[in-house]
Amino acid sequence: MESLENPFWGDDWSDVRDLFDSLEPGHAYLNHGSFGNAPRTVLLNQAQWRARMDANPTRFFRRELGPGLRTACRAAAEFLGAPEGDSVALVANATAGVSAALASVPLSAGDDVLLTDHEYETSAWAARRRAADVGARVVTVAVPLDADAAGITAAVLDAVTPRTKVAVIDHVTSMTARRFPVEELVPALQERGVIVVVDAAHAPGMLPIDLASLNPDFWAGNLHKWCYAPRAVAAFWAAPKWRSVLRNPIVSWGEYAEFPARLVEVGTTDRTSQLASPNGIAFLRALGPQRVREHNVKLAEYGQAALAAALDLDPAALPGDPGVPMRVVPLPVPFDDPRDLQAEISDRLGVEASVPKWNGLTLLRVSANVYNAPAEYDRLAEGIRSIL
Ligand SMILES: Cc1ncc(COP(=O)(O)O)c(C=O)c1O
């Protein structure tokens, strides 16, 4: 096994890496983007909450959970620049937030829901389900893999028609690791009378977020990806005008409560990831969000360049956006089931990466976080040719 060091971070890198000791030793975990990873200190905080829950479930669920969740919702709201304290609900994951938004927006027969072809599958399916229920249509606009910000904005806005009622826009796309210019798109779509749901699953922690100035209609972002919260928890925002119409797709104790309690108060589930989420945010703040972001992006760029060299691709021609610590490279051969390739990379190389399929292309996506080191990307780059 290679001895690891990381000049992109600095002298204290091995101390930081040691905090992520829940990860399988010797395996290069280059897929932070899919499910996130929390450091030991945050997992300990979650374990303390779980111990309180198990010590006396009645006291915990009846008297401690409510105040704990209120504190956690407020911590997320503050971190995300939400305008008032009680404007963010913590929900199970980004999918839950996007689904609640799409199930609640006013939509009828003759309306269109606009998506891009980079949209995360389950968010697209949530749009399809709602559209089918009311006789509306889903319109998917193509955005080239290498489109620049102006091209992305133009592609989306050109697709708006008088029928367009709702648009679902990813802030950072999953399969293609692109950053969409939501700061331009949200107001431009709203000016055209379109309700905007921002699928910001990757955005918290990865990018500076200021919900007060972005002011989308609905917004959902995971805290367990780039904010170091335990799996799983997402922050969900609804603009004040939508809060009274918003419904939780699962009927529960928040049914007759106001937002955010409408979404936060659900039946008996393990909420310890949500309760420990302020600890994840505090961990990111202690490391220094700017330092983390700069490091992660540099390392992801390094990984993309190493893969490009291994696959004889021009790194300058590959997609990548400022601030996004995930990078893709297209593989020279398409795979019917990319999960087989993902498993083979894991088994043969001891590397975990993401292998999304997008518009007929099989992509290899690497993420970078503070526990990763350049040699881990070299290992993938050296091994990938033999696998292909
Ligand atoms: C853009 C996007 N939307 C939604 C999701 C779904 O996240 P979750 O499974 O946590 O709900 C993801 C997950 O990676 C994503 O990248």
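Start at 1 and go down the list; that is how both ligands and their atoms are numbered.
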Handout entry: Partner residues of Arg192 under the side-chain contact (heavy atoms from CB on, under 4.5 Å) criterion, sequence neighbours left out
Key = Leu157, Val160, Ala188, Val194
Practice task
Flag yes if more than 12 heavy atoms outside Arg129 fall under 6.0 Å of its CZ atom; otherwise flag no.
Solution key: no
Exercise for the section: Would you list the pairs meeting ring pair (Phe, Tyr, Trp, His ring centres under 6.0 Å) in which at least one residue belongs to residues 295-329, sequence neighbours left out? Expected result: Phe8-Tyr302, Trp9-His295
Problem - Donor-acceptor contact present, side-chain Arg365 to main-chain Val355, <3.5 Å - result: no
Problem - Set of residues that line ligand 1, where lining means a heavy atom lies under 4.0 Å from it - result: Asn93, Ala94, Thr95, Tyr120, Asp170, Val172, Ser174, Asp199, Ala201, His202, Asn222, His224, Lys225
Handout entry: Donor + acceptor pair across side chains of Asp117, Asn359 (<3.5 Å)
Key = yes
Exercise for the section: Please identify each residue that fulfils side-chain contact (heavy atoms from CB on, under 4.5 Å) with Thr95, with sequence neighbours left out. Expected result: Asn93, Ser99, Thr122
